[in-house]
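Step one of this worksheet: look at the structure below.
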Amino acid sequence: MRILKNLTKVAFLFVALLAGTSAFAQQTQRPQGARLTTEERALRQLERYQSQLNLTPDQATKIKAIVLASAQEMDKQRAAGSRPDRAAMQAEAQKRAQEINALLTPAQQEKFAQILAEQLEGRQGQGQRGPRQSGQRRTPGDL
């Protein structure tokens, strides 16, 4: 009988610990559909550049400032109207790329150009539908 009581206590403590841990994990997660802040987006971009380009600490500091300023500018453009000016957004992205490129070594510049080309290729593929099969009817969703 005593063993059963102890086993019950241990099981209860285990369940309580498990419930507490999962509750804590849920609190630290971002709600689904919530957007990243400007700083979070800039830090993610910097982390990608650091891992892909092997940036020096000095380069990382300077690129962080460039990426953050660019993200803030793009946020201003998004907030200014219902639909951001595509040309202005592209100009800002091009300016950011040129400023970053100026800080990189020739080998890093080559890799950076490759990263930008892959990003552009990925964006062009978004939203495009594959070719329709012959005999398929066009639906309002295809437009």
Side-chain angles (χ1 to χ4, degrees), residues 3 5-143:
I3 294 174
K5 278 186 175 182
N6 287 338
L7 190 56
T8 305
K9 287 179 184 178
V10 169
F12 177 77
L13 288 174
F14 178 76
V15 169
L17 180 64
L18 186 62
T21 304
S22 66
F24 178 76
Q26 288 177 357
Q27 288 177 351
T28 59
Q29 292 177 351
R30 177 177 306 287
Q32 188 172 3
R35 293 187 62 115
L36 296 174
T37 66
T38 304
E39 291 78 17
E40 289 170 331
R41 285 194 325 272
L43 286 175
R44 278 194 178 180
Q45 187 69 48
L46 178 64
E47 288 170 2
R48 277 185 291 229
Y49 289 155
Q50 280 182 311
S51 68
Q52 294 173 333
L53 299 171
N54 298 320
L55 300 175
T56 65
D58 185 50
Q59 287 175 320
T61 302
K62 291 175 181 176
I63 290 174
K64 179 182 178 182
I66 292 168
V67 171
L68 183 58
S70 179
Q72 289 169 339
E73 179 60 32
M74 289 200 178
D75 279 352
K76 285 180 195 173
Q77 291 179 20
R78 284 185 190 103
S82 60
R83 187 172 177 133
D85 180 20
R86 184 179 178 114
M89 297 284 266
Q90 287 175 336
E92 181 62 33
Q94 192 170 27
K95 176 183 158 202
R96 178 185 63 234
Q98 289 172 346
E99 289 175 357
I100 291 172
N101 200 45
L103 299 172
L104 302 175
T105 65
Q108 289 172 322
Q109 288 175 345
E110 200 173 298
K111 178 67 178 168
F112 186 59
Q114 187 179 16
I115 292 167
L116 293 178
E118 289 170 3
Q119 287 176 348
L120 181 61
E121 184 178 301
R123 276 192 219 113
Q124 288 175 344
Q126 290 177 353
Q128 293 181 350
R129 302 188 200 301
R132 287 188 302 140
Q133 301 295 324
S134 62
Q136 243 183 350
R137 292 183 54 189
R138 184 177 292 264
T139 64
D142 292 335
L143 301 175

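Numbers here simply count residues along the sequence, with the first being 1. Heavy atoms only: backbone and side chains are in, while hydrogens, waters and symmetry mates are out.
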Q. Do the non-hydrogen side-chain atoms of M74 and R96 ever get within less than 4.5 Å of each other?
A. yes

Problem - L55 vs L46 side-chain heavy atoms within contact, under 4.5 Å - result: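 Contact flag for L55/L46 side chains = yes.
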
How long is the span from the [atom1] atom in [X] to the [atom2] atom in [Y], to the nearest 0.5 Å?
X   : Y    : atom1 : atom2 : value
T56 : L104 : OG1   : CG    : 9.5 Å
E73 : M89  : CD    : CE    : 9.5 Å
Q45 : K64  : CD    : NZ    : 14.0 Å

Can you name the nearest heavy-atom pair linking [X] to [Y], along with the distance?
X    : Y    : answer
L116 : A97  : CD1-CB, 3.8 Å
N101 : Q109 : O-NE2, 2.9 Å
Q59  : L103 : NE2-O, 3.0 Å

Q. Hey, is the main chain of I66 close enough, under 3.5 Å, to the side chain of S70 for a donor-acceptor pair?
A. no

Applying salt bridge (charged side-chain N to carboxylate O under 4.0 Å, His left out) to R41 and not counting sequence neighbours gives D75

Across all chains, not counting sequence neighbours, the salt bridge (charged side-chain N to carboxylate O under 4.0 Å, His left out) partners of K95 are none

Self-check item: side chain to side chain contact (heavy atoms under 4.5 Å, CB included) evaluation trace for Q72 with E39
Solution: CA-CA 8 Å; Q72 289 169 339; E39 291 78 17; 4.1 Å; yes

Between I63 and the options L53, I100, D58, the side-chain contact (heavy atoms from CB on, under 4.5 Å) test singles out I100

*asked:* Please determine whether the number of non-hydrogen atoms from other residues, nucleotides or ligands lying under 6.0 Å from atom CD of E110 exceeds 12.
replied: no

Audit row: L43, L68, side chain to side chain contact (heavy atoms under 4.5 Å, CB included) steps and yes/no = CA-CA 8 Å; L43 286 175; L68 183 58; over 6 Å; no

Practice task
Determine which pairs satisfy ring pair (Phe, Tyr, Trp, His ring centres under 6.0 Å) with at least one residue from residues 44-75, sequence neighbours left out, and list them in order.
Solution key: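 Matches after skipping sequence neighbours: Y49-F112.
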
How far apart are the C-alpha atoms of T105 and Q108, what are their side-chain angles, what is the distance that settles it, and do they pass the side chain to side chain donor-acceptor pair (under 3.5 Å) test? CA-CA 5 Å; T105 65; Q108 289 172 322; 3.2 Å; yes

